[in-house]
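Letters A, B, ... mirror the listed sequences (proteins, then strands); counts begin at 1. In what follows, every heavy atom counts, from backbone to side chain, and hydrogens, waters and symmetry copies are set aside.
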Amino acid sequence: MQINFIPIDYDYFDFQGRNIIRIIGRNEQGKRVCVIDEFKPYLYAILKDEVTDKQIQELIKKIEKITIDLNSRTTKIEKIQIEGKNFLGKQVKVLKIFITNYKDAHPVADKLDFPEIQARREYDIPLLTKYIIDSKLEPLQTYIITGEIIDNNGYGGISNLDVSLVIKAEKIELIKEKQEFSPKILAYDIESDEFEIGKGEILMISLAGKNFKKVLTWKYCKKSADYVECFKDEAEMLEKFVEYIKKLEPDFLIGYFSDGFDLPYLRARAEKNKVKLSLGLDNSQPTFARGRIPSSSISGIVHIDLFRFIETVYSQYLESETLGLNEVSLELLGEGKKEFDFKHSGKMKEEEWSEFFEYNLQDSVLTWKLAEKFWPDMLEFSKILREPLFDITRDGMSQLVETYILHNLPNYNEITEKRPLYDEIGERRNLGKYEGAFVFQPSPGLYENVVMFDFTSMYSSVIVSFNLSKTTLTEKGKDTIEVGIGKDGTARFSKKPGFFSLMLKEIIEKRKKAKQEYKKNPSNYAKARSNAYKLLANAAYGYQGFFGARYYCREAAAATAALARKSILETIEKIQKAGYEVIYSDTDSICLLQDKKNKQEVLELLKKINSQLPGIMELELEDFYKRGLWVSKRASESGAKKKYALITEEGKLKIRGFETVRRDWCPLARELQSEVLKLILEDGKETRALELVKKTLKNLKERKIQREEIMIHTQLKKPISEYKAITPHVIAAVKMKEKGMPVDVGMLLEYFIAETREKKSLVREKVKLPDEKGEYNIKYYLEHQILPAIGNIFDVFNINIKEVADGKKQKKLGEF
DNA sequence: GACTTGGAGGTACC
DNA sequence: ACTGGTACCTCCAAGTC
């Protein structure tokens with residue numbers, strides 16, 4: 001029997017004490033099929049250099065006797081092979097020890113406590129990762145599987161799965177020709193009358209897929225839109241939900257915040273109603289794994305919480321201030337959630353129910369559209385990292401980097417380093433910070449004709465060019481480079497490339513390739529691939545400095561920052577020596593004034609600098625700007641770092657660090673500042689901007705400012721009780737709690753500062769929630785929002801904006 | 001009670 | 001705990017006069 005097969009969801013189970021892999025996927029006809037494969041687990045014992053062949057043979061005899069006896073199974077040593085491998089870049093002789101069940105790898109490793117063994121490794125790699133590495137059966141690629149059909153009795157009744165066939169793999173071959181795989185994506189969303197999980201009832205569930213829209217409910221059964229289906233009670237609705245999922249056969253069931261809300265809620269209500277939420281292809285119920293955010297999984301169907309994927313791989317590109325469904329959809333799809341005022345369900349009228357159904361459906365529709373939009377990204381990440389979608393949509397950046405490393409180590413014949421133990425993590429964290437990037441001290445002013453250079457993937461290119469990693473860190477020796485890393489002294493790295501820099505180099509090259517491919521033939525897939533490689537490259541530096549990393553190397557991270565500093569300082573010097581004034585620089589970018597030079601001369605300078613840069617380091621032109629503005633710090637005369645505004649020759653603004661881009665300032669101050677910056681950069685002078693300010697001040701004093709313009713948004717970063725300083729946003733949280741509104745860590749709180757009857761000195765005493773009655777506090781919005789936001793901009797023109805606000809006549813210095 | 005100062009807290013830049 | 005360090009700025013908390 002031979003089938004075409006695209007692996008989608010991976011799982012494993014024990015059969016007769018052994019690990020059996022179960023992969024759900026699609027065949028050529030789009031039918032859901034299951035491939036069964038046996039996993040042959042092993043771990044490595046790395047031998048000490050001086051161990052003789054005779055000693056090895058004796059050691060093997062001792063190891064062969066190891067058994068792990070448990071009630072349910074017995075793990076034995078199945079086979080031992082002697083192999084030559086690399087470990088941390090050094091050649092080693094190892095014993096590859098095959099065992100019966102991988103779940104016992106840890107206890108087996110504990111028993112390998114022999115003096116001939118210097119280290120035990122690869123007993124702590126996730127089983128499915130190990131399986132994918134060994135079998136090369138990677139997610140979302142197309143294979144030909146040759147094997148035998150498993151009948152009803154095979155593997156303890158595996159064929160009870162809801163699939164068209166189960167095949168035991170004998171041979172796995174990759175088909176090189178790309179086959180377009182379009183998955184069946186189904187999005188869902190629930191509405192409940194209480195936010196706390198399981199506390200209230202689920203009022204309705206919506207589903208959205210390709211040409212499919214449905215709202216299931218039981219609360220209101222009078223006439224409604226045709227997509228609404230009504231049932232007699234919550235239990236029946238839940239049963240129908242399960243039925244629909246089974247009928248629709250999605251590959252992916254996608255929610256938004258569904259890991260922590262929708263799926264756990266469904267499970268809790270199902271339990272309460274004594275309904276089995278048997279969504280799994282084996283009729284199992286969803287399971288939940290603990291973590292910072294719990295992960296909710298369904299056997300055989302990939303449950304994806306799209307929010308988590310967007311958060312890690314896309315949030316840095318979004319302008320949205322929250323990653324909520326509404327804002328993200330508005331930005332990416334140009335369409336937001338339906339407006340709907342929540343009321344207690346008992347008080348709703350017919351019309352309101354219709355609106356509620358529409359609202360619920362729209363959430364699923366948006367989630368589905370976003371899922372379609374992010375499908376290329378999910379696919380490419382999954383292919384590049386060779387891990388199932390379930391994992392790559394939930395992993396953080398460091399985990400993604402590590403996953404890439406794990407799957408690519410076999411190319412270097414490397415044995416994988418272990419995860420740091422709890423104590424090791426503690427020690428690493430206690431080391432504190434090392435010196436980071438260089439930031440140029442700017443001088444406040446409005447500049448004409450500004451040029452911006454930046455280093456392409458600077459930190460990655462430093463790591464690659466200087467070979468900085470755990471495996472190349474060395475004590476002494478020739479053919480090394482020495483890097484000063486501040487108070488930690490010096491670090492030395494061998495020049496012989498280690499796998500880390502080689503892998504990273506490959507990532508950068510693949511990124512370039514994907515980018516070129518995209519230019520030649522634009523497709524969402526090439527774009528997603530390019531982006532995935534870019535993110536991996538950018539996270540590699542942080543990974544080496546991350547205390548939880550297998551290949552943690554503080555020295556490498558510190559050396560990367562040190563060499564990047566050295567490089568940018570040298571480059572700045574070269575630019576200055578060429579006769580240019582450098583006005584700003586942060587980490588990997590340099591701003592200079594074009595002055596009387598023409599663009600060609602600037603580009604020639606760039607070319608010259610590039611010819612002298614080491615390794616793969618590269619400086620590129622970011623853009624030519626017509627004007628740029630830098631301001632002073634609030635508290636002093638000196639220029640503020642990480643705050644500037646530029647305008648391109650086409651009139652496009654680039655604003656960094658200013659209150660305009662900070663969500664914890666009210667829209668009034670932000671929008672005014674943004675307009676002021678725009679007018680000044682367009683005009684090259686402040687006249688029009690000043691008029692605008694005066695107009696706004698007048699509106700403020702006449703109370704003409706709209707409510708939403710004065711709302712301040714601040715995130716609640718920890719539970720209310722843990723705050724040492726009671727700041728305004730904490731008061732907002734307390735007030736919300738008192739009103740019975742949901743208050744969760746991570747929430748963006750909204751409040752405004754109101755006038756108070758008695759004189760109160762603290763800001764927090766004037767905090768009011770959006771729906772509270774009260775007038776905005778003119779003094780506060782003037783002195784704490786508007787003036788601070790524009791003050792140092794007008795300082796550049798020697799205008800004291802406070803005096804303007806007070807009605808005094810302002811003078812320019814030149815007029816004295 | 002007014003004022004200063006340091007720290008907590010949040011958010012941005014790269 | 002879930003990539004790193006650098007920087008700005010507000011408001012509170014606690015100290016000084």
With heavy atoms under 4.0 Å as the rule, sort [X] into base, sugar-phosphate or nothing.
| X | answer |
| --- | --- |
| Ile726(A) | sugar-phosphate |
| Tyr434(A) | sugar-phosphate |
| Gly436(A) | sugar-phosphate |
| Tyr422(A) | nothing |
| Ile425(A) | nothing |

Value rounded to 0.5 Å, distance of [atom1] in [X] from [atom2] in [Y]:
| X | Y | atom1 | atom2 | result |
| --- | --- | --- | --- | --- |
| Leu749(A) | Asp664(A) | CG | CG | 12.0 Å |
| Arg511(A) | Ile508(A) | CZ | CD1 | 10.0 Å |
| Tyr434(A) | Asp488(A) | OH | CG | 10.5 Å |
| Tyr644(A) | Ile655(A) | OH | CD1 | 11.0 Å |
| Leu700(A) | Tyr781(A) | CG | OH | 10.0 Å |

- Message: Would you say His784(A) places a side-chain N or O within less than 4.0 Å of OP1 or OP2 belonging to dC11(C)?
- Response: yes
- Task: Establish, with yes or no, whether the OP1 or OP2 oxygen of dT10(C) is under 4.0 angstrom from a side-chain nitrogen or oxygen of Arg634(A).
- Result: yes
- Message: Once salt bridge (charged side-chain N to carboxylate O under 4.0 Å, His left out) is applied, do any residues pair with Asp259(A), and if so which ones, sequence neighbours excluded?
- Response: Arg308(A), Arg394(A)
- Nearest-nucleotide comparison on DNA chain C, the residue closer to the 5′ end among Ala635(A) and Tyr543(A): Tyr543(A)
- Note on the structure: With sugar-phosphate taken as primed atoms, P, OP1 and OP2 and all else as base, the protein-contact string of nucleotides 7-14 of chain B at under 4.0 Å (heavy atoms; B, S, -) is --SBBSBS
- In numerical order, the residues of residues 544-563 of chain A whose heavy atoms come under 4.0 Å of DNA chain C are Gly545(A), Phe546(A), Phe547(A)
Nucleotide [N], atom [atom2] - distance to [atom1] of [X] in whole Å:
| X | N | atom1 | atom2 | value |
| --- | --- | --- | --- | --- |
| Asn430(A) | dA1(C) | CG | P | 12 Å |
| Leu535(A) | dT3(C) | CG | C1' | 12 Å |
| Lys487(A) | dG5(C) | NZ | C1' | 12 Å |
| Asp395(A) | dA1(C) | CG | P | 18 Å |
| Leu762(A) | dA2(B) | CG | P | 12 Å |
| Gln441(A) | dT6(C) | CD | C1' | 13 Å |
| Glu659(A) | dC8(C) | CD | P | 12 Å |
| Arg308(A) | dC2(C) | CZ | C1' | 10 Å |

- Report, as yes or no, whether the 6.0 Å neighbourhood of atom CD on Gln441(A) holds more than 12 heavy atoms from other residues, nucleotides or ligands. yes
- Query: Are the aromatic ring centres of Phe499(A) and Tyr551(A) under 6.0 angstrom apart?
  - Reply: yes
- Is the backbone N or O of Asp454(A) less than 3.5 Å from a side-chain atom of Asp588(A), with the two atoms forming a donor-acceptor pair by type? no
- Note on the structure: Considering only heavy side-chain atoms of Arg764(A), the closest of dC11(C), dG4(C), dA13(C) is dA13(C)
